[in-house]
Amino acid sequence: MRHLLDTTDLSVKEIDDLIALAMDIIANKDKYSSVCNGKKLATLFFEPSTRTRLSFEAAMMELGGNVLGFSEAGTSSASKGETVGDTIKIVSCYADIIAMRHPLEGAPRVATYKTDVPVINAGDGGHSHPTQTLTDLLTIFREKGRFDNLTIGLCGDLKFGRTVHSLIKAMCRYSNIKFVLISPKELSVPDYIKTDYLEEQGMEYIETEDMEAAMPSLDILYMTRIQRERFFSEDEYLKHKDAFILDVDKLENAKADLTIMHPLPRVNEITTAVDEDPRAKYFEQALNGKYIRMALIITLLKWGGVL
C-alpha cells in the first residue's frame, strides 16, 4: 500500500505512468467508467475547498465508485474534539481510499499511521498540494508535450503559495528548466526552496519584480494571488498589487505559444479579458485535475491490491 503526501513520494517514472494513464482516460472515458465499481472514496476536508474536493468526487463517480465524507471540520466530530487519528481510523473502516485536506502541516502524514487504506494529501497548510502539482504537470504535458527545456515564470505570492512550492520541487527533477520568480520581495520564494531544491539541483533561476520584462522569455506563466493580508502595511500592498495583475497589455510581447496557468481561485490577478486569449489554460487546468485524480485513484488502489 502507498500513500501520496508529497509529489516527491513518486518517482519520475511513476509520474510519467500517471500522466500516461490520465491521457488514456481522456481518450477512452468509457473504458474506465466502471473500474471502481463497489469502491468508496472518503473526502475529509477539514478546511474549505471547491475545485479539489469536487474534482475528487467527480473523479471517483466517473470511475463508477461512490463518495462519502465532509466538506468542513464543523460538520465532523472534529468539532467535538475528536483527534485526526481517531477520525481517520473510523473512516478507514468505511472507505477504500481517503482524500484529506487539513490546515495543519503534517496532518495527512499523521493520518497514514492510523489507517490501512491509501491516504491522498489534498493540501496541508502551506506545505504541499501534490494533486494540484500532478494537475499542473498534466496541463504542461498536454500543452507542451514535454517536461524539459522550459522557462517557467511563477508570479504572485511565492512565499506562502503551496502550489508554487510543490511545482518547483516537481520540475527540479527535469532537465534544462529555468525558473523566473516574479514577486514583491516580501513574498519571494522561501530560502529553503532555493537552497534545498533550486540550488541543490543546479537549476537556473532569477528573481524579479518586473512581470513585463520577464514575459518574452516565458514558455509557461503560473499566476497566483497577491494576498493583501500578507503585507505589513496597506501602503506596501498598494505599491505592489497592480504590478502583478495580468491583463491583455502585459501579454503583448509574450510568446505565441505561452501557456497561462493558475491553480484558482482567482480574485483580480488575471483580468477576465485574458480569458478570451487562447493561451489562457487555467480552466482546462481545472478539468485536468479530474483526470489526473482518476488516474491516481486507480493507481493507488492497484498498488494496495484493491483493484
Side-chain angles (χ1 to χ4, degrees), residues 48-55 123 126 129 132-133 135-140 142-144 150-168 171 178-189 205-290:
S49 168
T50 302
R51 277 151 300 280
T52 302
R53 181 175 61 84
L54 293 181
S55 67
H129 195 348
Q132 178 63 53
T133 303
T135 297
D136 299 340
L137 292 176
L138 177 58
T139 303
I140 290 170
R142 293 190 74 185
E143 296 302 321
K144 300 299 183 186
L150 293 169
T151 298
I152 302 173
L154 300 159
C155 181
D157 178 2
L158 308 188
K159 182 176 183 179
F160 299 101
R162 61 190 173 195
T163 60
V164 167
H165 304 165
S166 291
L167 184 58
I168 290 174
M171 293 304 298
K178 179 179 178 180
F179 293 97
V180 182
L181 308 175
I182 310 164
S183 73
K185 290 184 175 63
E186 294 88 342
L187 296 177
S188 63
V189 168
Y205 74 92
I206 62 171
E207 296 181 273
T208 181
E209 296 187 41
D210 192 336
M211 180 197 292
E212 289 182 86
M215 194 69 73
S217 68
L218 303 181
D219 298 303
I220 295 166
L221 175 60
Y222 194 97
M223 294 293 298
T224 63
R225 178 171 66 94
I226 289 286
Q227 302 175 72
R228 182 191 298 263
E229 63 270 23
R230 302 301 189 185
F231 285 87
F232 291 112
S233 73
E234 182 72 5
D235 288 343
E236 281 296 305
Y237 168 74
L238 293 174
K239 182 175 74 175
H240 291 297
K241 70 178 183 73
D242 289 339
F244 301 96
I245 294 176
L246 181 65
D247 56 27
V248 172
D249 291 340
K250 289 189 175 76
L251 289 169
E252 185 175 342
N253 295 317
K255 290 182 178 180
D257 64 346
L258 173 70
T259 297
I260 304 168
M261 300 172 63
H262 192 307
L264 302 177
R266 68 171 165 188
V267 181
N268 68 338
E269 62 276 8
I270 301 178
T271 65
T272 55
V274 174
D275 297 353
E276 304 304 317
D277 193 303
R279 295 170 291 187
K281 299 298 180 180
Y282 28 89
F283 295 119
E284 288 91 336
Q285 183 181 352
L287 179 58
N288 287 334
K290 180 184 69 174

Show every donor-acceptor pair shorter than 3.5 Å between a side-chain atom in residues 245-252 and any protein atom, with sequence neighbours excluded, or say none if there are none.
unit_1 : atom_1 : unit_2 : atom_2 : d
D247   : OD1    : D249   : N      : 3.2
D247   : OD1    : K250   : N      : 2.9
K250   : NZ     : I245   : O      : 3.0

With sequence neighbours left out, what residues match [X] under side chain to side chain donor-acceptor pair (under 3.5 Å)?
X    : result
E209 : K185
K255 : D219
R266 : D275
T224 : none

Nearest non-hydrogen partners of [X] and [Y], listed with the distance:
X    : Y    : value
R51  : P265 : NH2-CD, 3.1 Å
S183 : G156 : CB-O, 3.1 Å
M223 : F244 : CE-O, 3.6 Å
S166 : T133 : CB-OG1, 2.8 Å

Checklist entry - Given the rule in the side-chain contact (heavy atoms from CB on, under 4.5 Å) test, do V180 and I206 qualify, once you have shown the distances and angles that lead to the verdict? => result CA-CA 5 Å; V180 182; I206 62 171; 3.9 Å; yes
Going by salt bridge (Lys or Arg N to Asp or Glu O under 4.0 Å), name the residues that satisfy it together with [X], two or more places apart in sequence or in a different chain.
X    : result
E207 : K194
K159 : none
E143 : K281

Between atom [atom1] of [X] and atom [atom2] of [Y], what is the distance when rounded to the nearest 0.5 Å?
X    : Y    : atom1 : atom2 : answer
N253 : L218 : CG    : CG    : 11.5 Å
L181 : Y205 : CG    : OH    : 7.5 Å
T52  : L264 : OG1   : CG    : 10.0 Å
L167 : H129 : CG    : NE2   : 12.5 Å
K290 : L138 : NZ    : CG    : 12.0 Å
L137 : M171 : CG    : CE    : 6.5 Å

Give a yes or no on whether the backbone of [Y] and the side-chain of [X] come within a donor-acceptor separation of less than 3.5 Å.
X    : Y    : value
E212 : D210 : no
S217 : A214 : yes
Q285 : T135 : no

Is any side-chain heavy atom of [X] less than 4.5 Å from a side-chain heavy atom of [Y]?
X    : Y    : answer
L258 : M215 : yes
L150 : I140 : yes
M211 : C155 : yes

Item to check | Pair N288-E284, side-chain donor/acceptor within less than 3.5 Å | outcome: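 Result is no, nothing qualifies.
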